[in-house]
Trainee: 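Sharing a structure, written as structure tokens. Questions coming.
Note that the numbering runs from 1 along the sequence shown for the chain.
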Amino acid sequence: MAKVIRNRWVYRPDNKWTRYLPRRNDAVKEFDYERSGASLRHYTEEIPEEQRPKRASKLWMAWLYRDLAGEPKWTKKHVENLFGADFKVGRMEVFRNTELMNEELWKVKHLIELRPIEFKNGIEPTDEDVFSTSLSPNGQCEVIQGGHVASEGDLKLADGKQWTRKELGRDLNKKYHLYQSVFEQNVHTPNNITVLK
């Protein structure tokens, strides 16, 4: 009699066939930093005291330096929680230097560039200086004294006609697609046009 081949999953420990056991979950799971001893708390214990900074920065400057293609869904969720749903590669974000925020940044450390923000001349911006500060990519933050802060009313056009994003895109697309190069060998050039050399 021929052996019956069943389309059921079987588990074979110790060379014995056992049927009807639940399927093992061999899927990749989210890495548990705390249980594996790889969290930020475990790492800071290994840094010698002389290598630690004397005065910690109050703010971090971070940006994504590569796309999230091929990353698992939990890493994408961490990036979305930190950088927002409309995150972009290369866009700079500012974070507070707190223990909770550092733990979240630790989970995506392989995707981000992180630098401390240092205030030039020791002048920290206040609430009024937020729009007159300059932050450079090397982490230097400078408050521009006496700088003009443009309000929303200053940014509006004088005649009151403000282009929406959709109108501006439609107009630019129309101008782009109506443009035709005029060359003698171009098949789209009308016959009554002559090109002068």
Side-chain angles (χ1 to χ4, degrees), residues 30-34 36-169 172:
E30 184 173 2
F31 185 73
D32 189 1
Y33 290 93
E34 194 64 38
S36 302
S39 69
L40 183 62
R41 182 175 54 85
H42 293 97
Y43 179 73
T44 53
E45 293 173 357
E46 299 174 6
I47 298 175
E49 191 65 38
E50 61 271 2
Q51 291 182 356
R52 293 186 187 177
K54 303 294 183 255
R55 182 170 169 259
S57 174
K58 293 182 180 179
L59 298 173
W60 292 116
M61 176 177 66
W63 60 87
L64 291 168
Y65 66 84
R66 72 176 179 88
D67 196 18
L68 299 182
E71 291 293 328
K73 60 185 176 184
W74 51 82
T75 303
K76 293 177 183 176
K77 189 69 177 170
H78 289 309
V79 170
E80 188 176 319
N81 289 342
L82 285 169
F83 293 92
D86 59 339
F87 62 87
K88 291 183 182 174
V89 175
R91 186 171 66 191
M92 194 182 339
E93 299 283 343
V94 177
F95 299 102
R96 290 171 48 195
N97 187 4
T98 61
E99 187 176 347
L100 182 65
M101 190 58 67
N102 291 345
E103 286 288 339
E104 289 298 314
L105 290 169
W106 183 260
K107 295 175 184 174
V108 294
K109 64 184 179 296
H110 59 289
L111 299 171
I112 62 173
E113 179 78 27
L114 187 69
R115 293 191 180 161
I117 294 179
E118 300 170 356
F119 300 105
K120 199 169 184 180
N121 302 328
I123 302 172
E124 295 185 12
T126 60
D127 292 340
E128 295 80 25
D129 297 331
V130 170
F131 295 107
S132 60
T133 57
S134 171
L135 183 61
S136 60
N138 63 356
Q140 292 290 328
C141 181
E142 182 180 3
V143 178
I144 302 167
Q145 298 295 336
H148 173 67
V149 180
S151 65
E152 188 176 344
D154 296 339
L155 297 176
K156 294 253 184 209
L157 294 177
D159 60 356
K161 171 68 173 142
Q162 186 76 22
W163 289 74
T164 64
R165 182 176 178 181
K166 190 174 182 180
E167 290 172 337
L168 184 61
L172 291 174

Trainee: Look only at the side chain of Ser57 and the backbone of Ile117, and say whether a donor-acceptor pair between them is shorter than 3.5 Å.
Mentor: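 Looks like yes, one N/O pair under 3.5 Å.
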Trainee: Taking only residues two or more places apart in sequence or in another chain, which ones pass salt bridge (Lys or Arg N to Asp or Glu O under 4.0 Å) with Lys58?
Mentor: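 Residues passing salt bridge (Lys or Arg N to Asp or Glu O under 4.0 Å) with Lys58: Glu124.
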Trainee: Heavy atoms only: give me the nearest Ser36-Asp32 pair and the separation to one decimal.
Mentor: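 Where Ser36 meets Asp32 most closely, the heavy atoms are OG-O, 2.9 Å.
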Trainee: Do you know which two heavy atoms are closest between His110 and Tyr65, and how far apart they sit?
Mentor: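 Closest approach of His110 to Tyr65, heavy atoms only: O-OH, 2.8 Å.
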Trainee: Give, for atom CG of Asn81 and atom CZ of Phe87, the distance between the pair rounded to the nearest 0.5 Å.
Mentor: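 Result: 11.0 Å between the selected atoms.
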Trainee: Return the CD to CG distance between Glu104 and Leu40, rounded to the nearest 0.5 Å.
Mentor: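 Nearest 0.5 Å value for the CD-CG distance: 11.5 Å.
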Trainee: Taking atom NZ of Lys120 as the centre, does the number of heavy atoms from other residues, nucleotides or ligands within less than 6.0 Å exceed 12?
Mentor: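 Check fails, neighbour count at 12 or below.
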Trainee: If you apply the rule side-chain contact (heavy atoms from CB on, under 4.5 Å), what do you find for Glu34 with His42, and how did you get there?
Mentor: CA-CA 8 Å; Glu34 194 64 38; His42 293 97; 3.5 Å; yes
Trainee: What salt bridge (charged side-chain N to carboxylate O under 4.0 Å, His left out) pairs are there with at least one residue in residues 68-84, not counting sequence neighbours?
Mentor: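 Only Arg66-Glu71 qualify under salt bridge (charged side-chain N to carboxylate O under 4.0 Å, His left out).
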Trainee: Please check: side-chain N/O of Trp106 versus main-chain N/O of Ala38, any donor-acceptor pairing under 3.5 Å?
Mentor: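 Between the backbone of Ala38 and the side chain of Trp106 there is a qualifying donor-acceptor contact (under 3.5 Å).
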Trainee: Distance check, rounded to the nearest 0.5 Å: Ser136 atom OG versus Met92 atom CE?
Mentor: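 It comes to 8.0 Å.
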Trainee: Could you give all pairs that pass the salt bridge (charged side-chain N to carboxylate O under 4.0 Å, His left out) test and reach residues 84-101, with sequence neighbours left out?
Mentor: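 Counting only pairs at least two positions apart or across chains, the salt bridge (charged side-chain N to carboxylate O under 4.0 Å, His left out) contacts touching residues 84-101 are Asp86-Arg91, Arg91-Glu93.
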Trainee: Show your working on side-chain contact (heavy atoms from CB on, under 4.5 Å) between Leu82 and Ile112 and close with a plain yes or no.
Mentor: CA-CA 11 Å; Leu82 285 169; Ile112 62 173; over 6 Å; no
Trainee: Hey, are the side chains of Phe119 and Thr133 touching, using non-hydrogen atoms and a 4.5 Å cut-off?
Mentor: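 Counting from C-beta outward, Phe119 and Thr133 never come under 4.5 Å.
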Trainee: Are any of the side-chain heavy atoms of Trp60 and Asn102 separated by less than 4.5 Å?
Mentor: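 The answer is yes; the side chains approach within 4.5 Å.
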Trainee: Could you state the interatomic distance from CD (Gln140) to CZ (Arg115), rounded to the nearest 0.5 Å?
Mentor: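 Nearest 0.5 Å value for the CD-CZ distance: 11.0 Å.
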Trainee: Enter the distance from Glu103:CD to Tyr33:OH here, rounded to the nearest 0.5 Å.
Mentor: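 One gets 10.5 Å once the value is rounded to the nearest 0.5 Å.
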Trainee: How many angstroms lie between CH2 in Trp63 and CZ in Phe83, if you round to the nearest 0.5 Å?
Mentor: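 It is 10.0 Å, given to the nearest 0.5 Å.
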